[in-house]
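Worksheet: the structure to be examined is printed underneath.
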Number of protein chains: 2
Amino acid sequence: MTASTARTDTRPSPRKRAGNGAARQHDTDEIGLDALVGHAGYAVRRFQIWIFQDFIRTLGEVGIRPTQYSVLTVIGANPGLSQMAVANRLGIERARLVHLLDSLEQRKLVKRIKSKADRRSHALHLTAPGETALAKFKRLAAEHERHVEEKIGKANRQRLLRILAGFT
Amino acid sequence: MTASTARTDTRPSPRKRAGNGAARQHDTDEIGLDALVGHAGYAVRRFQIWIFQDFIRTLGEVGIRPTQYSVLTVIGANPGLSQMAVANRLGIERARLVHLLDSLEQRKLVKRIKSKADRRSHALHLTAPGETALAKFKRLAAEHERHVEEKIGKANRQRLLRILAGFT
DNA sequence: GGAAGATTGTTGTTGACGACAACAATTGTT
DNA sequence: AACAATTGTTGTCGTCAACAACAATCTTCC
């Protein structure tokens with residue numbers, strides 16, 4: 001083992017870790033993953049956690065989470081959609097979209113307009129402040145995307161998008 | 001101005017609308033995602049949902065979920081680990097691992113052995129039936145992995161694993 | 001025209017999951 | 001011995017996916 005093992009834990013203590021030589025304690029980076037390596041799902045899960053955390057942190061100043069951002073961009077690009085249409089397009093349950101829209105409507109970013117044609121459904125629109133806010137969100141999201149590039153590389157990010165294009 | 005009906009979704013859009021007066025609903029595939037396309041996080045999220053659903057379905061007959069599988073494989077490959085070590089290695093909170101191990105121990109797949117060296121910690125081991133069960137889980141997980149290959153292609157799966165290798 | 005069935009939005013529940021906080025028991029430090 | 005840190009545990013909170021049930025409304029079919 002190399003003497004300069006990079007510590008991945010965030011313990012602030014400069015002291016040596018607990019543990020004795022008798023019962024051999026594993027260091028974090030010498031624990032094998034065995035079958036987990038080679039499973040795409042595991043890598044994707046870890047990556048998704050990282051990417052969501054960076055997104056949430058980067059857009060933390062405006063208080064927008066990934067799902068909220070996706071709802072806003074779809075409404076912004078397709079004004080007048082019904083809740084069902086948005087839910088289907090984004091793969092969100094319509095029950096869940098209700099709460100998401102409640103929050104966004106409370107923040108005056110989105111408005112539900114009762115449809116004349118189908119009085120069951122609501123036509124979704126961005127408010128005027130919602131439009132300007134979304135523009136700012138997009139700038140921050142682009143900044144987040146640059147973080148992704150720094151993390152995995154510009155070319156790899158492009159490969160990733162191409163590989164997963166079928167899921168959007 | 002709108003030509004025919006007084007709809008609420010008047011806007012500049014590349015999307016084509018049906019000319020009839022009836023309330024034409026959007027088809028799912030003609031709703032634009034706008035800025036969402038080009039965001040790695042969105043594609044990764046959708047892919048992760050798909051891959052987890054397939055994993056859960058493929059391992060449904062044995063009732064093993066992705067997180068449980070990851071815990072079992074790590075313990076199987078590194079017997080005697082403490083709960084902290086497993087939690088750190090997999091990026092799981094130790095509070096959450098408690099419940100996971102409770103469930104796995106109740107199913108007689110894992111056992112907690114009180115460590116002599118450090119009486120605070122437990123050494124984690126697979127039981128004998130746990131070993132044979134894990135072997136079956138691995139076969140099913142390999143089947144799931146073949147589904148991934150069918151979905152995105154064998155070469156793309158390899159590219160994906162290489163791109164995201166740093167997150168495992 | 002009217003009954004039957006489907007759709008839309010809503011409310012509610014369940015369970016998995018990540019993030020924290022607090023605690024007792026134990027260990028290490030000073 | 002006094003103090004700080006670690007380990008496992010319990011608990012709470014919020015996000016999210018998956019269902020189920022419901023009223024209001026549309027569509028279909030007879």
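Atom CE of A:Met84 is separated from atom P of D:dT25 by 18 Å (rounded to the nearest Å). Atom CZ in A:Phe52 sits about 13 Å away from atom C1' in C:dG18, given to the nearest Å. Rounded to whole Å, atom P of C:dT8 lies 16 Å from atom CZ of A:Arg112. Atoms CG (A:Leu97) and P (C:dG9) sit 8 Å apart, rounded to a whole Å. Rounded to a whole Å, the CG atom of B:Leu124 is 8 Å from the P atom of D:dG8. Rounded to whole angstrom, the span from the CD atom of B:Glu93 across to the C1' atom of C:dA19 amounts to 5 Å. In this entry the distance linking CG of A:Asp102 with P of C:dG9 reads 13 Å, nearest Å. As rounded to whole Å, 15 Å separates atom P of D:dT15 from atom CZ of B:Arg45.
Residues A:Glu105 and A:Lys111 are not paired through a salt bridge, judged by the lack of any N-O separation under 4.0 Å between the basic side chain and the carboxylate.
Side-chain to base pairing of B:Arg120 with D:dT6: one donor and one acceptor N or O lie within less than 3.5 Å of each other. A donor-acceptor contact under 3.5 Å is formed by the side chain of B:Arg94 with the base of D:dG8.
Nucleotides of DNA chain C nearest to B:Leu100 and A:Gln83 differ in position, and the one nearer the 5' end is that of A:Gln83. Projected onto DNA chain D by closest heavy-atom contact, A:Arg65 and B:His99 fall at different nucleotides, the more 5' of which corresponds to B:His99. Comparing B:Lys116 and A:Gln53 by the nucleotide of DNA chain C whose heavy atom lies nearest to each, the residue mapping closer to the 5' end is A:Gln53.
Judged purely by atom type and a 3.5 angstrom limit, A:Ser121 uses its side chain to pair as donor or acceptor with the backbone of A:Asp118. B:Thr127 places a side-chain N or O within 3.5 Å of a backbone atom of B:Lys108 that can act as its donor or acceptor partner.
Between A:Arg96 and C:dG12, a side-chain N or O to OP1/OP2 separation shorter than 4.0 Å is absent. Dashed line: the shortest gap from a side-chain N or O of B:Arg119 to OP1 or OP2 of C:dT27 is under 4.0 Å. OP1 or OP2 of C:dT7 has not a single side-chain nitrogen or oxygen of A:Ser121 nearer than 4.0 Å.
Between A:His144 and A:Phe55, the ring planes are perpendicular. Angles over 60° get that label, and only those under 30° would be called parallel.
Across all strands shown, B:Ile92 has no heavy atoms under 4.0 Å from either base or sugar-phosphate atoms.
If you check the side chains of B:Tyr69 and B:Arg65, you find no donor sitting under 3.5 Å from an acceptor.
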